[in-house]
*Asks:* 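Before I ask anything, let me first share the structure, which is written out below as structure tokens.
Counting starts at 1 for both ligands and their atoms, following the listed order. Model, not experiment: these values are computed from the prediction. Below, each value reflects all heavy atoms present in this structure, side chains not excepted, and no hydrogens, waters or symmetry copies.
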Amino acid sequence: MHDEHAIPNPDESATPDDSADGTSRRAVLRTAGIAGAGLGLGALTGGTAHADAPQGAPAAAATAAEAPPRKGKTMVGVPFERRSTVRVGIVGLGNRGGSMIDLFLAIPGVKVVALCDPVKDKTAAAAKKVTAAGQPAPATYTKGDHDFENLCKRGDIDFVYVATPWDWHFDMAKTAMLNGKHVGVECPVALQLDQLWELVDLSERTRRHCMQLENCCYGKNEMRVLRMAHAGKFGDLLHGAGAYNHDLRGLMFDPDYYEGPWRRLWHTRLRGDLYPNHGFGPVSNYMDINRGDRVTHISSFGTPALGLAEYRKAHMPAGDPSWKETYIESDRTISLVQTAKGRVIRLEHDVSTPHPYSRINSLGGTKGVFEDYPERIYLEPDHTNDEWGDFGKYAEEFDHWLWKEHANPPGGHGGMDYIMIFRLMQTMQLGLVPDFDVYDAAVWTSPVPLSHLSIKAKGAPQAIPDFTRGMWKKARPGVDSEKPQA
Ligand SMILES: NC(=O)c1ccc[n+]([C@@H]2O[C@H](COP(=O)([O-])OP(=O)(O)OC[C@H]3O[C@@H](n4cnc5c(N)ncnc54)[C@H](O)[C@@H]3O)[C@@H](O)[C@H]2O)c1
């Protein structure tokens with residue numbers, strides 16, 4: 001299985017390059033993608049990137065901290081309709097969608113009824129998985145970049161899962177909701193602040209949930225820390241940190257890993273934190289962001305962008321299309337976020353220099369601190385002599401019920417993908433309130449445009465809007481769920 005969090009196995013990375021009609025879609029994207037053709041980039045980015053005025057930068061007006069008037073009713077605490085079977089449509093069947101489908105198929109009461117990807121081979125391979133799991137052959141949508149609209153129009157889908165390049169996330173989430181579907185989107189849910197507001201407004205207006213499927217919130221360590229934080233083991237919470245520090249240089253330049261150069265191209269457009277969710281989501285949960293506290297502003301600083309150009313020089317042959325690209329994305333972005341209660345969250349993003357994988361994942365309070373990668377803990381009164389303690393000691397008392405019930409979950413990323421999908425499908429089947437909603441999606445993604453603006457303004461703080469429009473003050477459950485009654 002392809003696993004972005006693991007060192008890629010070159011054999012596993014190799015996927016067929018040719019579409020059914022004999023034309024290589026990858027080959028087309030490799031060249032045309034630079035100008036955004038075929039990826040829908042035009043609408044988001046305008047034209048060619050320039051180091052001092054990157055296209056795709058959010059409009060200044062969109063940074064206003066004040067929430068626009070609400071057009072619908074809040075989605076805070078809104079349960080799903082109860083349904084014994086959840087009917088799923090999947091858009092994007094690349095590395096991520098093509099492996100997450102296995103998890104949907106592994107959950108009783110979940111039916112995969114429709115699939116969409118313009119690459120016919122990938123759609124066919126995914127359809128085969130559905131029939132191999134004993135389900136009827138799914139409807140397939142392979143007729144170009146907008147065929148997802150036809151999938152969204154179907155009357156027999158409850159939930160649309162979007163695992164496409166970032167360029168498409170906003171359009172797809174929007175289209176799903178406008179067609180009456182709940183939608184779960186890979187990270188980040190959108191790239192611009194006005195788009196985040198639009199998704200909030202649409203979710204409220206259509207009464208459909210729009211969710212960021214942030215799998216790291218369901219990591220075993222993250223869920224244990226979450227339960228310990230809520231049990232008061234850290235005392236009053238003061239600070240936390242999260243990151244996406246993952247050397248993706250090899251994958252981003254590998255012509256066969258992603259479907260076209262879409263991910264690398266974002267490094268020509270924005271300077272800030274392109275992928276904050278994996279770190280921000282879990283720390284937001286520890287601190288009950290949107291559930292008693294809220295994030296108010298962010299200051300970001302970025303290093304020079306040298307890593308990708310250096311890698312290209314060492315590895316890419318003359319004439320490769322990547323030689324036309326100018327990288328502006330900071331190799332390491334470091335952001336500080338403050339909350340209404342005065343807590344501080346540090347975020348890091350670095351996918352273009354050599355280093356071992358780390359999401360940092362730390363939390364500190366008046367009684368001590370946890371740090372991950374590698375995991376270690378120091379809490380009074382358990383530890384007193386300046387030496388880190390054993391985090392495993394807290395497993396029995398504090399592991400989340402989901403991890404106790406699914407000790408060896410299937411799928412990648414240590415099982416957190418399965419735990420997330422299992423729980424999401426459970427909330428849909430039982431008619432419960434989802435663990436996370438459009439407000440969480442908007443907050444966890446907001447550093448993408450705001451870190452870019454802050455770096456351009458030499459670290460000047462940027463207001464993070466209150467997407468909940470005041471509802472953040474209300475304590476309510478989230479990922480730290482109680483096991484539902486059968
Ligand atoms: N949460 C995680 O741990 C995790 C891990 C890996 C990837 N991701 C996310 O998943 C998403 C996909 O990443 P990937 O690695 O699978 O990329 P990929 O390039 O392998 O796959 C993307 C797929 O989307 C398809 N696609 C492109 N435009 C489309 C359109 N208009 N309609 C339908 N399908 C379209 C492509 O043909 C391709 O098959 C990204 O948002 C990425 O950030 C998340």
*Asks:* Which atoms from ligand 1 have a heavy atom of Val91 less than 4.0 Å away?
*Replies:*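 Once the distances to Val91 are compared, the set is 33 (C).
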
*Asks:* Enumerate the atoms of ligand 1 whose separation from the nearest heavy atom of Lys122 is less than 4.0 angstrom.
*Replies:*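 Every atom of ligand 1 under 4.0 Å from some heavy atom of Lys122: 38 (C), 39 (O).
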
*Asks:* Relative to atom 4 (C) of ligand 1, which among Met100, Met416, Arg96 owns the nearest non-hydrogen atom?
*Replies:*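 Going through Met100, Met416, Arg96 one by one, Arg96 has the nearest heavy atom to atom 4 (C) of ligand 1.
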
*Asks:* At a 4.0 Å threshold, what atoms of ligand 1 neighbour a non-hydrogen atom of His169?
*Replies:*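 Every atom of ligand 1 under 4.0 Å from some heavy atom of His169: 41 (O).
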
*Asks:* Indicate, with yes or no, if the rings of His278 and Trp444 have centres closer together than 6.0 Å.
*Replies:*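 Ring centres of Trp444 and His278 not closer than 6.0 Å.
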
*Asks:* Take atom CZ of Arg205 as the centre, draw a 6.0 Å sphere, and report whether it contains more than 12 heavy atoms from other residues, nucleotides or ligands.
*Replies:*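 Atom CZ in Arg205 is not crowded, with 12 or fewer foreign heavy atoms closer than 6.0 Å.
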
*Asks:* Does ligand 1 have a heavy atom under 4.0 Å from the side chain of Asp147, from its backbone, from both, or from neither?
*Replies:*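 The answer is neither.
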
*Asks:* Between Phe148 and Tyr141, is the ring centre distance below 6.0 Å?
*Replies:*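 Here the rings of Tyr141 and Phe148 have centres that are no less than 6.0 Å from each other.
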
*Asks:* Report the part of His146 in contact with ligand 1, treating N, CA, C, O as backbone and CB onward as side chain, heavy atoms under 4.0 Å; options are side chain, backbone, both, neither.
*Replies:*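 Neither; nothing of His146 gets under 4.0 Å from ligand 1.
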
*Asks:* Do other residues, nucleotides or ligands put more than 12 heavy atoms under 6.0 Å from the NZ atom of Lys404?
*Replies:*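 Result for NZ/Lys404: enclosed.
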
*Asks:* Cation over ring, Arg224 on Phe391, under 6.0 Å and within 45°?
*Replies:*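 So Arg224 does make the cation-pi contact.
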
*Asks:* Quick check: Glu186 and ligand 1, any N/O pair under 3.5 Å apart?
*Replies:*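 Indeed, backbone or side chain, Glu186 has an N or O that close.
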
*Asks:* Does Arg294 qualify as a cation-pi partner of Tyr439, given the criterion of NZ or CZ under 6.0 Å from the six-membered ring centre and within 45 degrees of its axis?
*Replies:*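 No, Arg294 does not lie over the aromatic ring of Tyr439.
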
*Asks:* Does even one non-hydrogen atom of His278 get within less than 4.0 Å of ligand 1?
*Replies:*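 Heavy atoms of His278 do come under 4.0 Å of ligand 1.
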
*Asks:* Determine the interplanar angle of the Phe253 and Tyr327 rings, folded into 0 to 90°, and report it as parallel if under 30°, tilted if 30 to 60°, perpendicular if over 60°.
*Replies:*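 It falls in the perpendicular class, over 60°.
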
*Asks:* One residue to check: Asn215. Relative to ligand 1, which of side chain, backbone, both or neither has a non-hydrogen atom less than 4.0 Å away?
*Replies:*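 Side chain only; the backbone of Asn215 stays clear of ligand 1.
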
*Asks:* Considering residues, nucleotides and ligands other than Glu405, do more than 12 of their heavy atoms fall under 6.0 Å from its CD?
*Replies:*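 Yes, the 6.0 Å shell around CD holds more than 12 heavy atoms from other groups.
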
*Asks:* Which of the atoms in ligand 1, numbered in the order shown and given with their element, are less than 4.0 Å from a heavy-atom of Trp166?
*Replies:*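 Those atoms are 40 (C), 41 (O), 42 (C), 43 (O).
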
*Asks:* How does Met172 reach ligand 1, if at all, at less than 4.0 Å between non-hydrogen atoms: by side chain, backbone, both, or neither?
*Replies:*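 For Met172, the contact with ligand 1 is made by the side chain alone.
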
*Asks:* Are Arg359 and Glu222 close enough for a salt bridge, meaning some N to O gap below 4.0 Å?
*Replies:*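 The answer is yes: the pair qualifies as a salt bridge.
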
*Asks:* Go through ligand 1 atom by atom and flag the ones less than 4.0 Å from a non-hydrogen atom of Trp168.
*Replies:*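 Here the atoms of ligand 1 in question are 28 (N), 31 (N).
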
*Asks:* Counting heavy atoms only, which part of Asp117 comes closer than 4.0 Å to ligand 1: side chain, backbone, both or neither?
*Replies:*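 Both backbone and side chain.
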
*Asks:* Taking the six-membered ring for Trp, are Tyr218 and Trp403 ring centroids under 6.0 Å apart?
*Replies:*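 They do not qualify: ring centres at least 6.0 Å apart.
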
*Asks:* Should Val119 be counted as touching ligand 1, given the test is an N or O pair under 3.5 Å?
*Replies:*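 No, no N or O pair falls under 3.5 Å.
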
*Asks:* Any idea which of Pro261, Gly98, Gly260, Pro118 brings a heavy atom closest to atom 35 (C) of ligand 1?
*Replies:*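 That would be Pro118.
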
*Asks:* Heavy-atom contact check, 4.0 Å cutoff: does Tyr141 meet ligand 1?
*Replies:*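 No, Tyr141 has no heavy atom closer than 4.0 Å to ligand 1.
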
*Asks:* Within the 4.0 Å heavy-atom shell around Gly92, which atoms of ligand 1 are there?
*Replies:*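 Numbered from 1, ligand 1 contributes 24 (O), 34 (N).
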
*Asks:* Examine Asp417 against ligand 1 and note whether any of their N/O atoms are separated by less than 3.5 Å.
*Replies:*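 No.
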
*Asks:* Are His209 and Asp437 close enough that a side-chain donor and a side-chain acceptor fall under 3.5 Å?
*Replies:*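 Side chains of His209 and Asp437: no pair found under 3.5 Å.
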
